[in-house]
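Computed from a prediction, not measured in an experiment: that's the story for all the values here. Start at 1 with the first residue, then count along the sequence. Just so you know, ligand 1 is whichever comes first in the structure, and atom 1 is the first atom listed for that ligand.
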Amino acid sequence: MQFLAESLIQLITQTSTNLPPDVRAAMGDAVATETPNTQASQALNIIASNIDMAYGDEGAICQDTGMPTFIVHTPVGVNQLDMARAIREAVREATRRGKLRPNSVDSLTGKNSGDNLGPETPVTHFEQWEEDEIEVKLLLKGGGCENKNIQYSLPANLDHLGRADRDLEGVRKCLLHAVWQAQGQGCAPGAIGVCIGSDRAHGYMVAKMQLFRTLDDVNPDPRLAKLEGEIMDEANRLGVGAMGFGGKVSLIGCKVAAANRLPASFFVSVAYDCWAFRRLGVRLDASTGAITKWLYRDPEAPVQKMAASSGFPLTGREIALRAPLSEEQVRALKVGDVVLVSGECFTGRDAVHHYLMQHEPPVDMHGAVLYHCGPVMLKSGDAWQVKAAGPTTSIREEPYEATVLERYGVRAVIGKGGMGAKTSAALQKFGAVYLNAIGGAAQYYARNVKKVLGVNLLELGIPEAMWHLEIEDFAAIVTMDAHGNSLHSEVEQRTGEQLAALQKA
Ligand code: SF4
């Protein structure tokens, strides 16, 4: 199959850089529905620009290119071992080209394999079928939304909703709860794939498989179609909004399957995917490996531009900040302020935070801006280039951040999804702020990086290293200030009350 390798690289590249039309349409509706000039609409405008930029430059839509999950159907006679080898080689090559971030780490040592390969990575499922062609579908689902997957074992008591029984009403409560608990941490607006029934392991698999349905299809089971419609309506009345900023659009898709179960078990498994819902597929000629057809795409329909204007609509009320920051500067900020940050910032996520618990930082961090980001970087000669650089989910650093703020004098943390009570107290005590950037807007923010000034801790792997980036006019919203205020707590409380109201309705 002389064209197989290039066909698979094309599939990975297109999946990583160009959202399918049904997701584009849903995000277009979200932009049109959201109230203009709100934080949620600003977030959606940045997302729309980011989608255009990724398509235009064939760059990763989000820096977290996720766990590649391939679903392969082959006719009788195709060697599946050869196919598996070809998929692994394509993943390696797409990583080398910067279309996938090196995302695969040894679970015991934390060492990044550097090429997205390793035990059980990529995830590949094979099935035989009676058609003549090969079909390969691919889902790239990042860690932020993967962490918001949730499984319920009914009956259960749910926050704000009370008891969920073993019936469709109980399932409805679980699905509303699933959207609510994700808040902005899974980069809302998201979509959920759901499995009612099965066992724990297969239930999650069936739920994930629902993400291969198009967002605009109609469930052939009228009971499930009704449930999907109700959830779309009710979840979008919760008010979580884009990035959890509060707003009208929290969910762009709900796809439900029912599987048989054991009489003793009743699981509801939910796979939460973010707005950067990267899913595509191809049909391949079984003798040459050439692409005969793209799935999820209409070859007659050209890719439409998403954004009405480019980037972030400035109002003139934005506050310009230049690092290093003073305590006075950050104490003057309050929740809701939009800031444009310039100067040097340092990236740091899970491994850097862990490192800082036991070691002094490799740089002076007093007054620093710490960016929760695991970028896609490529080396060209001796110089590093930023290929994608959006924020990662900050809540993972909650156990460490207060210590980092106290010990090292960091004045601003940029991330997404917000942080918890311990960090909020530290922001107040030591004089610092949390700035929410727009999750997944990896191309948009990569353009705010003017230069890579250096790197430390590269031995932790490219995404986990501490990169020194010179940024310019990096747009973010103050969502936790130095006075104890948190937009995230406010939205969680408000949407919890709305959840309770849906229970009574
Ligand atoms: S958009 Fe957000 S949740 Fe989705 S992969 Fe990117 S960072 Fe993760």
Requested in this report: Tell me which one of E146, R278, Q63 gets a heavy atom nearest to atom 5 (S) of ligand 1.
Outcome: R278

Query - H160-H177 aromatic ring centre distance below 6.0 Å - result: no

Query raised in the report: Among D216, D217, D22, which residue meets the salt bridge (Lys or Arg N to Asp or Glu O under 4.0 Å) test with K255?
Result: D217

Report task. Count the heavy atoms of every other residue, nucleotide or ligand shown that sit under 6.0 Å from CG of N37, and state whether that count exceeds 12. Result -> no

Can you tell me the protein heavy atom closest to [atom] and the distance?
| atom | answer |
| --- | --- |
| atom 8 (Fe) of ligand 1 | G144 N, 3.8 Å |
| atom 6 (Fe) of ligand 1 | C62 SG, 2.3 Å |
| atom 3 (S) of ligand 1 | C145 N, 3.4 Å |
| atom 1 (S) of ligand 1 | G440 CA, 3.4 Å |
| atom 2 (Fe) of ligand 1 | C187 SG, 2.3 Å |

Query raised in the report: Do you see an N/O/S atom of C274, backbone or side chain, under 2.8 Å from atom 4 (Fe) of ligand 1?
Result: yes

Query raised in the report: Hey, does the Lys NZ or Arg CZ of R279 hover above the aromatic six-ring of F212, less than 6.0 Å from the centre and inside 45° of the axis?
Result: no

Requested in this report: Would you verify whether the NZ or CZ of R24 falls within 45 degrees of the ring axis of F277 while also being under 6.0 Å from that six-membered ring's centre?
Outcome: no

State, without any angle test, whether [X] and [Y] hold a side-chain donor-acceptor pair at a distance under 3.5 Å.
| X | Y | value |
| --- | --- | --- |
| E397 | H354 | no |
| N448 | D473 | no |
| T495 | Q183 | yes |
| T393 | K416 | yes |
| Q151 | S269 | yes |

Any atoms of ligand 1 less than 4.0 Å from a non-hydrogen atom of [X]? List them with their elements.
| X | result |
| --- | --- |
| K416 | 2 (Fe), 3 (S), 7 (S) |
| A276 | 1 (S) |
| D64 | 5 (S) |
| G142 | 5 (S) |
| G186 | 3 (S) |

Query raised in the report: Does G390 have a non-hydrogen atom less than 4.0 Å from ligand 1?
Result: no

Query raised in the report: Heavy atom of G66 under 4.0 Å from ligand 1?
Result: no

Query raised in the report: Just heavy atoms, cut-off under 4.0 Å: does K141 contact ligand 1 by side chain, backbone, both, or neither?
Result: neither

